Number of protein chains: 2
Amino acid sequence: MRMQDIARRLGISAMTVSRALKSDSSVAPATRAAVLKAIEELGYVPNQIAGSLSSSRSGFAAILVPSLNNPHFSETVLALGNALHDRTMQLLIGNTDYDRHKEAELVRAFLARKPEAIILTSDGHDPRILPMLAKAKIPVIEIWDLPARPIQHVVGFSNQLAMRGLIAALIGEGYSRITYLGEADDADTRGASRRLGYCEAMAAAGLAPRLCSIGRPPATMSDGERGLETVLAAYPDTELVACVSDPLAFGVIAACQRRGWAVPGRMAVSGFGDFEIARIAVPAITTVQIDAGQIGREAGAIIGEAFKARRDAMPAAIIRPVPALPCLRASTAKAG
Amino acid sequence: MRMQDIARRLGISAMTVSRALKSDSSVAPATRAAVLKAIEELGYVPNQIAGSLSSSRSGFAAILVPSLNNPHFSETVLALGNALHDRTMQLLIGNTDYDRHKEAELVRAFLARKPEAIILTSDGHDPRILPMLAKAKIPVIEIWDLPARPIQHVVGFSNQLAMRGLIAALIGEGYSRITYLGEADDADTRGASRRLGYCEAMAAAGLAPRLCSIGRPPATMSDGERGLETVLAAYPDTELVACVSDPLAFGVIAACQRRGWAVPGRMAVSGFGDFEIARIAVPAITTVQIDAGQIGREAGAIIGEAFKARRDAMPAAIIRPVPALPCLRASTAKAG
DNA sequence: CTGTTAGCGCGTTCAC
DNA sequence: GTGAACGCGCTAACAG
């Protein structure tokens with residue numbers, strides 16, 4: 001069924017049907033009512049592929065995240081999706097699995113769909129995506145970090161500074177034998193940034209870094225459970241395990257509890273991200289607070305501004321920092 | 001940039017470029033190499049919107065889930081996405097927020113994109129979507145439950161039987177003052193099914209149902225923390241809280257621990273779904289094991305079979321059950 | 001307020 | 001193995 005069929009049935013032209021479906025165009029109220037009624041009765045669904053080709057507006061924005069399974073990223077995706085819904089745009093979601101090559105492949109596949117904006121979770125990108133993005137001439141937004149050399153717009157925070165701030169605060173609490181537990185390789189540059197922040201904070205206090213790793217990202221609760229062994233093997237005198245993320249920290253705490261070790265007391269543990277579990281777990285987990293939803297909303301706002309700016313002037317790159325502050329909780333409390 | 005531009009540059013026709021991009025067509029190897037080289041150099045990205053319009057194959061499948069934030073659904077989405085990737089199809093993901101009306105709106109919006117298959121998380125659907133789906137003439141797969149009156153294909157398990165099995169097992173362990181904690185309304189019919197399963201198991205043992213609720217879905221850890229109060233207010237003698245999901249159970253356990261109550265011992269708690277947290281938490285949480293990834297993979301396989309069947313014969317509805325078995329863990333262990 | 005014309009950029013279907 | 005004509009279903013841009 002095509003617009004033509006609706007039109008013929010009403011003795012009008014397809015163009016009028018098309019206009020009746022866009023509420024902003026000028027169509028006689030009676031005509032519009034008749035069109036909508038006919039569409040409803042016949043169960044007609046417009047072909048948006050044809051519409052997109054004709055209008056060269058796909059109605060898509062694309063977002064790439066390392067892992068949809070991570071509640072943080074899915075919250076960002078959700079918030080962005082809601083923001084775009086208000087602009088009647090849909091979201092194409094891609095999962096890079098912390099893999100640059102897969103990211104590049106997805107960028108290519110998504111660009112073929114002519115998205116009107118693209119959001120990348122800031123990471124070490126495959127350099128080949130840059131010319132592709134430049135050619136697409138659409139807003140590009142990197143989220144979840146503050147890259148040294150941004151592609152264009154940014155919504156995020158410095159993972160490095162945030163982790164440095166947390167570790168500095170913990171050192172201030174009196175901890176010194178702090179061991180870092182994170183991913184092994186640098187596929188996840190947010191993880192690498194956090195590790196760097198840890199090292200800086202330790203160095204600033206005159207302490208040597210103590211690094212342990214658990215393999216490729218993402219860092220899971222199960223990794224945390226195994227990770228405690230790794231930490232103790234390398235640094236048996238550890239008094240605090242600083243984890244790259246909250247789920248990992250939860251796993252470490254669980255492993256301690258299985259051993260009958262008090263957390264805190266026998267061992268302290270910190271995380272990163274302020275996942276729900278960090279607030280609910282017993283003990284509650286010391287972490288860095290991030291509002292994942294806010295990142296999505298801000299990204300949606302930037303897309304709106306970019307569209308507006310295109311009409312007016314040269315759209316300047318927008319760098320929008322979001323808060324990332326340490327939050328000390330029971331898991332690192334010092335006894336009495 | 002269009003195919004025409006590539007073609008002119010090589011002194012060939014656009015049609016040859018098009019064929020060179022589909023590896024199955026007959027193009028001289030030298031020609032193909034030249035085309036691919038030119039495309040690479042110029043950074044040409046084919047316009048899939050035009051391709052879809054012309055071939056009437058969108059390359060999309062659409063999936064609607066109640067909540068992308070739920071690690072279970074995101075795992076299903078991920079597995080389905082991988083399965084479809086092998087068929088070079090992309091996944092349009094929609095979040096219904098446990099809302100039938102929103103689901104209907106999304107079905108309409110997605111059908112306009114001409115997906116080649118649609119996957120719905122089985123729920124009470126808005127009846128208006130049925131004619132729309134029928135008209136679309138594409139495979140429809142309902143997942144995560146076994147609906148009484150399926151639309152077409154199904155991959156799932158009976159939430160009712162699964163919960164009944166779990167409760168029966170717990171009654172077998174010697175529990176009788178079991179209180180159910182779940183969502184309030186029936187927006188989430190999987191939750192309603194589980195509640196029904198609980199009631200049946202209790203009735204079968206001659207026990208009266210003890211129902212408590214925590215508001216609309218999804219059931220979060222925070223809901224669990226508050227939920228314990230609700231349970232104790234209504235049924236102070238509760239010895240086991242049977243929760244509609246693992247995160248909710250985790251919240252209840254956390255609330256117990258904050259009161260200094262031993263779990264198990266002073267209170268037992270069960271969940272549903274076998275989320276990672278159920279295995280890692282201390283105590284580990286008794287639950288019903290579901291393989292969320294398998295549901296996605298099976299759905300992907302059904303899409304493949306449906307495409308094959310279309311050529312051969314009338315595609316019969318496929319009902320593919322997946323396992324959902326009780327798993328007793330420490331959180332409901334009987335002392336001694 | 002409504003209709004007509006002319007593409008949008010590909011892939012299908014023929015020719016050769 | 002390659003090219004030319006045509007159409008996919010809709011909307012932009014113009015008439016009227």
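All of these numbers come straight from a predicted model, not from anything done at the bench. Proteins come first, then strands; the chains are lettered A, B, ... in the order of their sequence lines, and each starts at number 1.
- Residue A:S56 is classed as having no contact, given no heavy-atom separation below 4.0 Å to the nucleic acid.
- In this entry the distance linking CZ of A:R113 with C1' of C:dG9 reads 15 Å, nearest Å.
- Taking the charged nitrogens against the carboxylate oxygens, A:R320 and A:E305 do have a contact shorter than 4.0 Å, which makes a salt bridge.
- Going from atom CZ of A:R2 over to atom C1' of D:dC10 covers 10 Å, rounded to whole Å.
- Here C:dC10 is the nucleotide among C:dT4, C:dC10, D:dG9 with the atom lying nearest to any side-chain atom of B:A50.
- Considering only side-chain atoms of B:M3, the nucleotide from D:dC10, C:dC10, C:dT2 that sits closest is C:dC10.
- With rounding to whole Å, B:I49 atom CD1 is found 13 Å from D:dT11 atom P.
- Residues A:L10 and A:V35 are in side-chain contact: their nearest non-hydrogen atoms beyond the backbone lie under 4.5 Å apart.
- Figure legend: cation-pi geometry between B:R113 and A:F60, with NZ or CZ positioned under 6.0 Å from the six-membered ring centre and within 45° of its axis.
- Not one side-chain nitrogen or oxygen of A:T16 sits closer than 4.0 Å to the OP1 or OP2 atom of C:dC1.
- Note that CD1 of B:I39 is 5.5 Å distant from CD1 of B:I6, once rounded to the nearest 0.5 Å.
- Ranking D:dT11, C:dC1, C:dC10 by closeness to the B:Y44 side chain, first place goes to C:dC10.
- The base of C:dG3 is paired with the side chain of A:R19 by a donor and an acceptor separated by under 3.5 Å.
- If you check D:dC10, D:dA12, C:dG9 against the side chain of A:S55, the one that comes closest is D:dA12.
- Relative to the side chain of A:M15, the nucleotides D:dG9, C:dG11, C:dT4 differ in distance, and C:dT4 lies closest.
- Between B:I6 atom CD1 and C:dG9 atom P there is a gap of 13 Å when expressed in whole angstrom units.
- At a threshold of 4.0 angstrom between heavy atoms, the contacts of A:S52 with the nucleic acid are absent.
- Remark: A:S18 is in phosphate contact with D:dT11, judged by side-chain N or O atoms under 4.0 Å from OP1 or OP2.
- If you take CE of A:M1 and C1' of D:dC8, they are 17 Å apart, rounded to a whole angstrom.
- Note that CE of A:M3 is 11.0 Å distant from CG of A:D5, once rounded to the nearest 0.5 Å.
- Between B:T31 and D:dT2 there is a side-chain N or O to OP1 or OP2 distance below 4.0 Å.
- Closest-nucleotide positions on DNA chain D for B:I12 and A:V17 were compared, and the one nearer the 5' end corresponds to B:I12.
- A heavy-atom distance below 4.5 Å is not found between the side chains of A:E105 and A:R108.
- Between A:L10 atom CG and C:dT2 atom P there is a gap of 12 Å when expressed in whole angstrom units.
- Rounded to an integer number of Å, the gap from CG of B:L111 to P of D:dG9 is 16 Å.
- Of the listed nucleotides (C:dT2, C:dT12, C:dG7), C:dG7 has the atom at the smallest distance from the side chain of A:S54.
- If you check C:dT2, D:dG1, D:dC10 against the side chain of B:A28, the one that comes closest is D:dG1.
- Counting to the nearest Å, the P atom of D:dT2 and the NZ atom of B:K22 are 17 Å from each other.
- Nearest to the side chain of A:L53, among C:dT4, D:dG9, C:dC1, sits D:dG9.
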